[in-house]
Amino acid sequence: MRLAFLIYRYFPFGGQQRDFLRVLKACQAKGFSITIYTMKWEGDRPKGVEITVVPVKAWRNHTRYQKFSDWVNNKLKSEQYDGVIGFNKMPGLDVYFAADPCFAERALSQRSSFYRFTARYRHFIKFERAVFSGDSKTQVMILSPSQRQDFGKHYPESIPRLHDIPPGISLDRKAPENVPALKQQYREELGFSKSDLLVLQIGSAGFQIKGVDRSLRAIASLPDELLERSHFILLGQDKQAPFKRQAKKLGIWNRCHFLGARDDVPKFLFAADILLHPAYSESAGYVLLEATVAGLPVLTTDTCGYAFHIENAHSGIVCRSPFDQNVLNKHLESMLRGEDCQTFSDNGIRYGEEQDLYLMPERVADIISGLLEATPSATAGVQS
């Protein structure tokens, strides 16, 4: 089976990009031949895969995406693929991996009415409708119940084409038996003492949407005796400058550590005391489950797709909508004082042993194979 994989941008540390690479490798393991079309590729290139970097340029993102769609459309007309698999919403896909939340829902709930008159809105709603409208035949793999609810609300005709898939957590996130010893070892390696309180946040390509501003305000609200022991550690690849300015303005710069993208994330999961993830919107939020199976208590918001796992596991606290900064502040203080945290940790480790949280790539490869074999691709290219 010969497949085309489409993704706007690949870089090593994004959640969407990690899913992309793991699904690609699972498809390779089934013997599929894969060509990647992208606008930008950063990091190592997978073996046995042809990567085409599409030469499009424009000042605005949505203009680049339209040009990418047009270019790929023309290219695919001369190719014979059994299926076109997209990791971003765009016309003409056989299968879409829904790494992003519902655009129509976000535009309605998080933007003013004037936004719907912009060129950006018109582009993204057109591309989303190309995947989810009643005229589309694209099969969609969704990550969470919240996605099913939102897509079903705005595109009810798509419901029969929505396929639930399990999470795909890396096994190296699971807590080993010697977690207490590792916690102390990693703290010493990172330069922290046993009495320090480490608040961890992880998120690439979206510090704003992941609520880093909310996290900083919560840290700044801590009573002096807790603040003097607390350290906020931010991992991920995104623009740091606005949040560094906020930390300085809040007077907590000396309590903050902006460490960029890292490939030793498990070390921080085992060393920290709390994962703080008060995102504005998140289609899934793998980091919530990664923390849970590592035994790290979680404080998050119900606007994360995987927040229901935290509730099911009883591995932390989920702040309900509408968001209230004071509520987040109080929960952070109580958790840093140790209230219920050992129970949260034990529950999370148990949940990681009992639930199917690790086999997403293999399941997705099976679904792709089954869908394309049942309905041979009629794709003649991505239509603009």
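Scope of the values below: all heavy atoms of this structure, side chains included, with no hydrogens, waters or symmetry mates.
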Does this structure show an ion pair linking [X] with [Y], if we count only N-O contacts that are shorter than 4.0 Å?
X      : Y      : value
Arg18  : Glu290 : yes
Glu333 : Arg337 : yes
Asp273 : Lys183 : yes
Glu79  : Arg2   : yes
Asp356 : Arg363 : yes

Does anything in residues 5-14 form a side-chain hydrogen bond (donor to acceptor under 3.5 Å, both in side chains)? List the pairs, not counting sequence neighbours. Arg9-Glu42

So which pairs with a foot in residues 233-242 pass side-chain hydrogen bond (donor to acceptor under 3.5 Å, both in side chains), sequence neighbours left out? Gln240-Lys244

Going by the ring pair (Phe, Tyr, Trp, His ring centres under 6.0 Å) test, which pairs reach into residues 301-323, not counting sequence neighbours? Tyr286-Tyr306, Tyr306-His309, His309-Tyr351

Would you call the rings of Tyr121 and Phe103 parallel, tilted or perpendicular, where under 30° means parallel and over 60° means perpendicular? tilted

State which residues pass ring-ring contact (aromatic ring centres under 6.0 Å, His included) with His231; sequence neighbours excluded, sorted by chain then number. Phe192, His257

Let me check something: any side-chain donor-acceptor pairs from residues 46-56 under 3.5 Å, sequence neighbours excluded? List them with distances.
none

Taking every heavy atom of Ala220 against every heavy atom of Leu250, the minimum-distance pair comes out as CB-CB, 4.0 Å

Identify the two heavy atoms, one from Ala271 and one from Leu198, that lie closest to each other, and give their separation to 0.1 Å. O-CD1, 3.7 Å

Judged by atom type as modelled, is there a donor-acceptor pair below 3.5 Å linking the side chain of Arg214 to the main-chain atoms of Gln325? no

Nonpolar side-chain network containing Leu182, other nodes, edges under 4.5 Å: Tyr186, Phe270

Centroid separation Trp253 to Phe258 less than 6.0 Å: yes

